[in-house]
Amino acid sequence: MMKIAIFSTCKYDREFLEKYNTGYELVFFEAALSLQNVVLTKGFDALCLFVNDRADAELMMHLEQNGIRLILLRCAGFNHIDLAAASEAGIKVLRVPAYSPEAVAEHAMAMVLTLNRKTHKAYNRVREGNFSLEGLMGFNLNGCKVALIGTGNIGKAFYKILKGFGCMVMAFDPYPDPSLAEEGLVYASLEEVIGDADIVSLHCPLSDDNHHMINHITLKLFKPGAMLINTSRGGLIATQDVIDALKSGQLGYLGLDVYEQESQLFFQNLSEDVIQDDLISRLISFPNVLITSHQGFFTQEAMQQIATTTFANADAFKAGLTLANEVSI
Ligand code: NAI
């Protein structure tokens with residue numbers, strides 16, 4: 001029986017993976033995969049990894065030595081896996097290309113609504129008997145301009161939600177979707193869409209080309225006081241530059257579901273610890289910043305889809321079938 005070592009697991013991962021297992025021996029590890037614990041992979045045929053399990057060239061060498069032949073990603077993004085090294089090591093990498101684009105798009109909208117209408121503050125105020133509206137004023141989403149950076153599965157799902165709210169949506173994508181253009185989505189350059197928008201939302205994958213695409217230069221193009229939402233990958237944003245833009249008021253609101261250094265923080269309860277990351281501590285201190293710890297995907301539907309596709313990928317590998325969800329260089 002094929003043995004799979006599953007890293008970065010929480011109770012909910014275990015629950016869904018056990019429920020939809022199609023006949024593999026599963027061993028769950030809470031820790032993220034690293035050079036320190038790569039020895040644990042000995043004796044397994046496959047690994048199952050999540051967004052913060054980094055597999056670089058050095059780690060891949062150890063995996064090859066330990067006999068790993070397959071990496072099953074429980075996510076869509078693969079920026080954390082060295083695909084060239086995997087190919088050299090003869091290790092196939094399979095992913096879950098789309099689990100629930102609506103889950104992430106709906107979370108992006110939740111962030112927009114919370115930042116705009118300050119429901120998180122209202123919730124706390126009312127519980128303390130404070131029924132004042134001071135400081136809670138928002139703006140109408142109906143008629144406001146939104147820029148989508150990336151119009152793949154998630155960008156498309158968010159476009160539909162935004163249209164329902166009556167927003168005027170523009171987009172930048174190096175590969176525009178003709179069906180969305182037909183529906184009325186206006187594509188333009190990155191500079192144009194950023195400069196015209198009240199809300200900018202990132203939905204593109206992280207690559208070497210767009211690392212820190214939101215930086216002190218592109219932030220100057222933003223409308224003063226605009227909102228930035230990132231549910232994509234932390235590395236798209238130069239965090240210190242965004243902090244500077246928040247301090248100057250150039251950026252009016254920031255919603256982050258991802259953060260460049262999130263692997264040290266997210267998915268863990270650190271409430272008893274002193275946070276050593278000064279950038280996230282500074283971000284948390286702003287009244288107009290909302291941070292969630294990579295929970296955009298986290299719905300029942302998405303968890304089920306992740307589990308079923310992960311095992312369908314393993315089944316295809318085992319049966320020697322075409323690997324539809326393989327990622328390679
Ligand atoms: P997708 O592959 O369907 O679409 C990505 C789109 O981005 C494509 O249309 C592509 O042409 C475009 N693109 C590529 N480079 C670009 C650039 N430099 N500027 C603008 N557009 C660019 O991917 P999908 O499913 O829509 O996911 C998008 C990203 O969302 C993923 O790569 C992942 O990083 C993130 N994600 C976050 C989750 C969360 O829980 N917060 C869950 C799932 C994905």
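Residue numbers start at 1 and run along the sequence shown. Quick note: numbers below take in every heavy atom, side chains included, and nothing from hydrogens, waters or symmetry partners. Counting starts at 1 for both ligands and their atoms, following the listed order.
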K.L.:
Just jot down the side-chain contact (heavy atoms from CB on, under 4.5 Å) partners of I217, sequence neighbours excluded, or say none.
P.N.:
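I217 satisfies side-chain contact (heavy atoms from CB on, under 4.5 Å) with N215 once adjacent residues are dropped.
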K.L.:
Give the residue, atom name and distance (to 0.1 Å) of the protein heavy atom nearest atom 33 (C) of ligand 1.
P.N.:
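Looking at atom 33 (C) of ligand 1, the protein heavy atom closest to it is R233 NH1, 3.6 Å.
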K.L.:
Ignoring hydrogens, tell whether any protein atom lies closer than 4.0 Å to atom 11 (O) of ligand 1; use the non-hydrogen atoms only.
P.N.:
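There is a protein heavy atom less than 4.0 Å from atom 11 (O) of ligand 1.
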K.L.:
Hey, is ligand 1 close enough to Y99 that some N/O pair sits below 3.5 Å?
P.N.:
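No, there is no polar N/O contact under 3.5 Å.
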K.L.:
Same cluster for L63 and I4 if Ile/Leu/Val/Met/Phe/Trp/Tyr side chains link at under 4.5 Å?
P.N.:
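Cluster IDs for L63 and I4 differ.
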K.L.:
Within the structure, does I154 bring an N/O atom to less than 3.5 angstrom of an N/O atom in ligand 1?
P.N.:
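It does: an N or O of I154 is found under 3.5 Å from an N or O of ligand 1.
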K.L.:
Between K145 and D198 (salt bridge meaning N to carboxylate O under 4.0 Å), is one present in this structure?
P.N.:
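Salt bridge absent between K145 and D198.
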K.L.:
Under 4.0 Å, heavy-atom basis, I'd like to know which part of H203 is in contact with ligand 1: side chain, backbone, both or neither.
P.N.:
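Contact part for H203 vs ligand 1: backbone (N, CA, C, O).
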K.L.:
Give a yes/no verdict on a cation-pi contact between R14 and F16, requiring under 6.0 Å between NZ or CZ and the six-membered ring centre and an angle within 45° of the axis.
P.N.:
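No cation-pi geometry.
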K.L.:
Could you tell me whether some N/O pair between P97 and ligand 1 is separated by less than 3.5 angstrom?
P.N.:
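Between P97 and ligand 1 (N or O atoms, distance only) the closest approach is not under 3.5 Å.
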K.L.:
Go through the steps to decide whether E128 and N124 satisfy the test side-chain hydrogen bond (donor to acceptor under 3.5 Å, both in side chains), and finish with yes or no.
P.N.:
CA-CA 7 Å; E128 288 179 4; N124 285 323; over 6 Å; no
K.L.:
Checking ring-ring contact (aromatic ring centres under 6.0 Å, His included) against F267, which of F50, Y12, F7 comes through?
P.N.:
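Filter result, single survivor: F50.
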K.L.:
Is there a heavy atom of P174 sitting under 4.0 angstrom from any atom of ligand 1?
P.N.:
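Contact present.
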K.L.:
Please work out which of the three classes, parallel, tilted or perpendicular, describes the rings of Y259 and F266, given edges at 30° and 60°.
P.N.:
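Rings of F266 and Y259: tilted, as their planes differ by 30° to 60°.
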K.L.:
If the threshold is 4.0 Å, N to carboxylate O, is there a salt bridge linking K223 and D196?
P.N.:
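Answer for the salt bridge query: no.
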K.L.:
Nearest heavy atom to atom 7 (O) of ligand 1: which of P205, G234, G152, S232 does it belong to?
P.N.:
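It is P205 whose heavy atom sits nearest to atom 7 (O) of ligand 1.
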K.L.:
Among protein heavy atoms, which sits nearest to atom 9 (O) of ligand 1, and what does the distance come to when rounded to 0.1 Å?
P.N.:
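Here the closest protein heavy atom is D173 OD2, 2.6 Å.
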K.L.:
Would you check whether N153 has a nitrogen or oxygen atom less than 3.5 angstrom from a nitrogen or oxygen atom of ligand 1?
P.N.:
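Looking only at distances, the answer is yes, because the N/O contact criterion of under 3.5 Å is met.
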K.L.:
May I ask you to identify the nearest protein heavy atom to atom 18 (N) of ligand 1, giving residue, atom name and distance to one decimal place in Å?
P.N.:
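Its nearest protein heavy-atom neighbour is N210 ND2, 3.4 Å.
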K.L.:
Under the side chain to side chain contact (heavy atoms under 4.5 Å, CB included) test against L236, which residue among N210, I149, I214 passes?
P.N.:
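Testing L236 for a side chain to side chain contact (heavy atoms under 4.5 Å, CB included) against N210, I149, I214 leaves exactly one candidate, N210.
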K.L.:
Tell me whether Q295 has any N or O atom under 3.5 angstrom from an N or O of ligand 1.
P.N.:
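No.
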K.L.:
Tell me: protein heavy atom nearest atom 37 (C) of ligand 1, and distance?
P.N.:
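For atom 37 (C) of ligand 1, the nearest protein heavy atom is T231 O, 3.1 Å.
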K.L.:
Under 4.0 Å, counting heavy atoms only: does G77 come that close to any atom of ligand 1?
P.N.:
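Contact absent.
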K.L.:
Only counting residues at least two apart or in another chain, list the ones meeting side-chain contact (heavy atoms from CB on, under 4.5 Å) with E183.
P.N.:
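Per chain and number, E183 pairs via side-chain contact (heavy atoms from CB on, under 4.5 Å) with Y159, K163, L180.
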K.L.:
Considering only the protein, which heavy-atom contact is closest to atom 19 (N) of ligand 1, and what is its distance?
P.N.:
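Of the protein heavy atoms, F172 CE2, 3.3 Å lies nearest.
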K.L.:
Among all the protein's non-hydrogen atoms, which is closest to atom 40 (O) of ligand 1, and how far away is it?
P.N.:
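Of every protein heavy atom, F297 N, 3.0 Å lies nearest to atom 40 (O) of ligand 1.
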K.L.:
Rounded to the nearest 0.5 Å, how far apart are CD1 of I275 and CG of D278?
P.N.:
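Between atom CD1 of I275 and atom CG of D278 there are 10.5 Å.
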K.L.:
Could you work out, for atom 13 (N) of ligand 1, the closest of P101, S100, A76, C204 by heavy-atom distance?
P.N.:
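Residue with the shortest heavy-atom distance to the ligand atom: C204.
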